[in-house]
Amino acid sequence: MRVQQDFTCKTDLVKMMSTQADSLIEYLIVEYRWLIAITILMPLSFLWKIWSMARNYVVFKLNTAPGNHEKKVKKVQKQIKSWLDGDRNTRLCTARPTWQTMSFRQGLYKKTFTNIHIDMVDILEVDTKNMTVRCEPLVTMGLLSKTLAPLDLSLAVVPELDQLTVGGLVMGTGVESSSHIHGLFQHICLEYELVLADGSVVTCSKDNNADLFYAVPWSYGTLGFLTAVTIKLVPAKKYIRLTYQPYTNMLDLSSKFKEEALKQDPHRYLEALLFDKNSGVVMTGDMVDEIGNDGMFNPIGRWYSPWFFTQVENHLENYKLGQKTCAVEYIPLRDYYHRHTRSLFWELQDIIPFGNNPVFRMLFGWMMPPEVSLLKLTQPEAVTKLYNKAHVIQDMLVPVDVMEEAIQLFDKEFEVYPIWLCPLKLFNNPGQLKVNSSDWQMFVDIGVYGVPKAEGYETVSSTRRIESFVTHHRGFQMLYADTFTTEGEFRNMFDHTLYDKMRSSLPHCKEAFPDVYGKVNRNVRK
Ligand SMILES: Cc1cc2nc3c(=O)[nH]c(=O)nc-3n(C[C@H](O)[C@H](O)[C@H](O)COP(=O)(O)OP(=O)(O)OC[C@H]3O[C@@H](n4cnc5c(N)ncnc54)[C@H](O)[C@@H]3O)c2cc1C
Ligand SMILES: NC(=O)C1=CN([C@@H]2O[C@H](COP(=O)(O)OP(=O)(O)OC[C@H]3O[C@@H](n4cnc5c(N)ncnc54)[C@H](OP(=O)(O)O)[C@@H]3O)[C@@H](O)[C@H]2O)C=CC1
Ligand SMILES: CC(C)=CCC[C@@H](C)[C@H]1CC[C@@]2(C)C3=C(CC[C@]12C)[C@@]1(C)CC[C@H](O)C(C)(C)[C@@H]1CC3
């Protein structure tokens, strides 16, 4: 099943599907997915947004959330107790349907395991004295940034997509353009409250139940159910002053990127987008309260604004034309945080090819993007097949010193652009991520999302070669994406010492949950 064609755009892909699709209907579904997206999914998404805003507003005004939390935890305990009292011939997972989650896949285990309902969607407390926020696991990044911005506060790490949840980011992982300072999402979490498989409620932090605290991140809900998280806050300002520095030479780009990531007093935000293997734009940002006169005000989050990655590409094009070497812009804080949400990085162009057209943006941009959950729920089988065969969605965390080598290999195996480069600091903490230093090590997240053009691309073998490179260099794969590792290879990539110890010592844990590989391998995710 080799896909050797040189896919130049989605139309080529669709042509390929039309020859291979089982039926004309499948072909039409793939080709005209945008029609369903615009006429049904976007209006529904809009109604959904209004409903959640109204619901949150009422909860907030009545301030019922903190009082209800204990009752909600008791409900979780009750469900686990009834599993304990039963024959226990199934395992446990959260009842959150997989079409609602931020991954391409649907977990098959949801159908066979006992589903535990954790309907916990509220912010519980903003503690401005201790600079922490305590929230329930289904609170999203969008809600948190919206609640905290008027207080001039923010999370130190705000993973970009609005719909990412605190629970998913703790149990999986989260990374963002401030991660070269603060680390991953888990590194800004101070305390977890969990309900364990024996029905008990525990809290853990680095000073209390430390083993459990360090084993929870990347455990994918296989140690217990998360019911609350306390997260560190940082002061926030109104704007991000963002500098775009284009490059047409990879060596120059990567040395600037590394220098910025590793310097003593780095810019607060750092990321790069590559548009081919030699050129890209490095972006550095800092928070400011005033718009300076060295740059333009650019509210990139407005419904009519061009998609962010296309604006970045324009800076590169201008540079190539010899117009400008470096540009400065002032971007409203939340617009910056959620800069990749409206275009789902660059994935939305495959679904609504004219989504960035100025007329479309003016008329319908306010309904964008359609909710990922609704897109997933209505995804036809033909689209799944297409993505399985000719679409890459991967994030690999590799030590920053092998960045160029990794980019060359990604280019050879996938040739997908843009590529997202986001630096991140991994602290030498106990847990699944072992680093090569007694203090911390700088990594880079290489994010590849799109249609592969590499000759000889084949999903499994190409991805496996990348996985083996990553393991060889002691890096890690983000597990919302497909992993094609064997169980042995997976255990080689992630250190299971503390995790295995916790699973053996927590009562009923092994009986209640599979291990991480049992939740993320390709056989259990459709
Ligand atoms: C539980 C809680 C405790 C807080 N404690 C403090 C505090 O101790 N000190 C302090 O200075 N500020 C606190 N705040 C934040 C602050 O009071 C408001 O965000 C700010 O005053 C804005 O109010 P508003 O009436 O302009 O906005 P509103 O429109 O009332 O709310 C701002 C946004 O936050 C969202 N939101 C608010 N509460 C919730 C919730 N419980 N669940 C889901 N969504 C919510 C709303 O959807 C809205 O979009 C707290 C907020 C919450 C939610
Ligand atoms: N910028 C970034 O960092 C980005 C990160 N991501 C990835 O997306 C995922 C988050 O997506 P999201 O939709 O929020 O999360 P999901 O619902 O996909 O949850 C991810 C995992 O966490 C487990 N989990 C979630 N909540 C709880 C809980 N309360 N108790 C126990 N286990 C729980 C889930 O278990 P179960 O299967 O039982 O439901 C699942 O295994 C993460 O894996 C993250 O790495 C994606 C895009 C961007
Ligand atoms: C670490 C970082 C920054 C990760 C970014 C990951 C995004 C690019 C991923 C997360 C969810 C994601 C897998 C998704 C998709 C594309 C890539 C996304 C947006 C899409 C929209 C592709 C089209 C699909 O039909 C479908 C709608 C199911 C998915 C939904 C999830």
Side-chain angles (χ1 to χ4, degrees), residues 30 33 37 41 76 91-107 109-110 113-120 136-141 157-177 179 184-186 192-195 216-229 271 340-341 343-351 369-380 382-384 386-387 391-397 420 422 424 445-450 477-482 513-514 516 518-520 524-525:
V30 174
R33 196 178 182 195
L41 304 185
V76 175
R91 287 178 146 166
L92 307 176
C93 64
T94 79
R96 186 171 198 224
T98 53
W99 55 268
Q100 285 183 9
T101 66
M102 270 293 173
S103 154
F104 181 73
R105 295 292 163 201
Q106 317 260 8
Y109 55 84
K110 293 269 174 173
F113 287 11
T114 298
N115 285 203
I116 303 295
H117 293 265
I118 307 179
D119 303 316
M120 300 189 165
E136 294 182 331
L138 286 175
V139 168
T140 61
M141 288 304 105
V157 175
V158 186
E160 293 84 357
L161 302 174
D162 274 23
Q163 297 301 330
L164 290 163
T165 64
V166 167
L169 291 165
V170 167
M171 290 293 180
T173 192
V175 60
E176 186 250 335
S177 57
S179 289
L184 294 174
F185 194 79
Q186 72 207 52
Y192 306 126
E193 177 189 80
L194 295 135
V195 178
V216 161
W218 295 76
S219 70
Y220 286 81
T222 61
L223 294 175
F225 292 102
L226 194 64
T227 48
V229 183
E271 73 177 329
H340 295 302
T341 294
S343 51
L344 297 176
F345 284 78
W346 25 97
E347 287 283 357
L348 205 54
Q349 62 187 349
D350 283 346
I351 300 172
E371 290 277 318
V372 163
S373 50
L374 294 180
L375 281 168
K376 257 177 113 172
L377 192 61
T378 55
Q379 174 162 293
V383 173
T384 311
L386 176 70
Y387 273 73
H391 201 100
V392 181
I393 300 173
Q394 284 291 344
D395 276 273
M396 297 288 184
L397 318 184
W420 190 55
C422 179
L424 62 126
D445 176 1
I446 307 185
V448 182
Y449 328 113
Q477 180 172 34
M478 278 181 74
L479 299 172
Y480 78 88
D482 291 343
F513 307 110
V516 177
K519 268 186 127 171
V520 301
V524 298
R525 296 207 292 192

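Computed from a predicted structure; not experimentally measured. Order of appearance sets the numbers: ligands from 1, and atoms from 1 within every ligand.
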Distance filter under 4.0 Å to [X] heavy atoms, resulting ligand 2 atoms:
X      : answer
Lys519 : 35 (O), 36 (P), 37 (O), 38 (O)
Gly224 : 31 (C)
Gly221 : 31 (C), 32 (N)
Cys93  : 38 (O)
Gly172 : 43 (O)
Met478 : 3 (O), 5 (C), 45 (O)

Which atom names give the shortest non-hydrogen contact between [X] and [Y], and what distance separates them?
X      : Y      : result
Cys93  : Phe113 : SG-CB, 3.7 Å
Leu41  : Leu374 : O-CD1, 3.8 Å
Gly174 : Leu169 : CA-CD2, 3.6 Å
Ala37  : Ile351 : CB-CG2, 4.4 Å
Leu161 : Met102 : CD1-SD, 4.1 Å
Val392 : Glu347 : O-OE2, 4.3 Å

Can you tell me which residue and heavy atom of the protein come closest to [atom], and the distance to 0.1 Å?
atom                    : value
atom 37 (O) of ligand 2 : Tyr109 OH, 2.5 Å
atom 27 (C) of ligand 2 : Thr94 CG2, 3.9 Å
atom 21 (C) of ligand 2 : Tyr220 CD2, 3.7 Å
atom 44 (C) of ligand 2 : Thr173 O, 2.9 Å
atom 30 (N) of ligand 2 : Leu226 N, 2.9 Å
atom 22 (O) of ligand 2 : Met171 CB, 3.1 Å
atom 18 (O) of ligand 2 : Thr101 CB, 3.3 Å
atom 47 (C) of ligand 2 : Leu164 CD2, 3.8 Å

At under 4.0 Å between heavy atoms, what of Lys110 touches ligand 2? The answer is side chain

Honestly, for Pro137 the part within reach of ligand 2 (heavy atoms, under 4.0 Å) is side chain

Contact set, ligand 3, heavy-atom distance under 4.0 Å, ordered by chain/number, equals Arg33, Met102, Ser103, Phe104, Val175, Leu344, Phe345, Glu347, Ile351, Val372, Leu375, Lys376, Gln379, Tyr387, Ile393, Asp395, Trp420, Asp445, Tyr449, Met478, Tyr480

Exercise. Report the C-alpha separation of Leu375 and Arg33 in whole Å, then their side-chain angles, then the decisive distance to 0.1 Å, and conclude whether the side-chain contact (heavy atoms from CB on, under 4.5 Å) test is met.
Key: CA-CA 10 Å; Leu375 281 168; Arg33 196 178 182 195; 4.2 Å; yes

So, [X] and [Y]: side-chain donor and acceptor under 3.5 Å apart, yes or no?
X      : Y      : answer
Thr98  : Lys376 : no
Trp99  : Gln379 : no
Gln100 : Ser373 : no

Is there a donor-acceptor pair under 3.5 Å between the side chain of [X] and the backbone N or O of [Y]?
X      : Y      : result
Gln477 : Asp482 : yes
Lys110 : Arg96  : yes
Glu176 : Val158 : yes

A student comparing Gly167, Gly174, Gly168 should find that the heavy atom closest to atom 20 (C) of ligand 2 comes from Gly168

Taken in chain and number order and not counting sequence neighbours, the residues that satisfy side-chain contact (heavy atoms from CB on, under 4.5 Å) with Ser343 are Trp307, Phe309

Within-cut-off N or O pair, [X] and ligand 2, under 3.5 Å:
X      : result
Thr165 : yes
Val175 : yes
Met102 : yes
Arg96  : yes

Checklist entry - Any protein heavy atom under 4.0 Å from atom 34 (C) of ligand 2? => result no

For Phe513, the ring-ring contact (aromatic ring centres under 6.0 Å, His included) test, sequence neighbours excluded, returns Phe225

Across all chains, not counting sequence neighbours, the ring-ring contact (aromatic ring centres under 6.0 Å, His included) partners of Tyr387 are Phe104, His391

Checklist line | Within-4.5 Å side-chain heavy-atom neighbours: Thr341 and Met141 | finding: no

* Asked: Would you say the side chain of Trp218 lies within less than 4.5 Å of the side chain of Leu184, judging by non-hydrogen atoms?
  -> yes

Worksheet entry | ligand 2 contact by Glu160, heavy-atom criterion under 4.0 angstrom | yes

Practice task
Could you tell me if any non-hydrogen atom of Phe185 lies under 4.0 Å from any atom of ligand 2?
Solution key: no

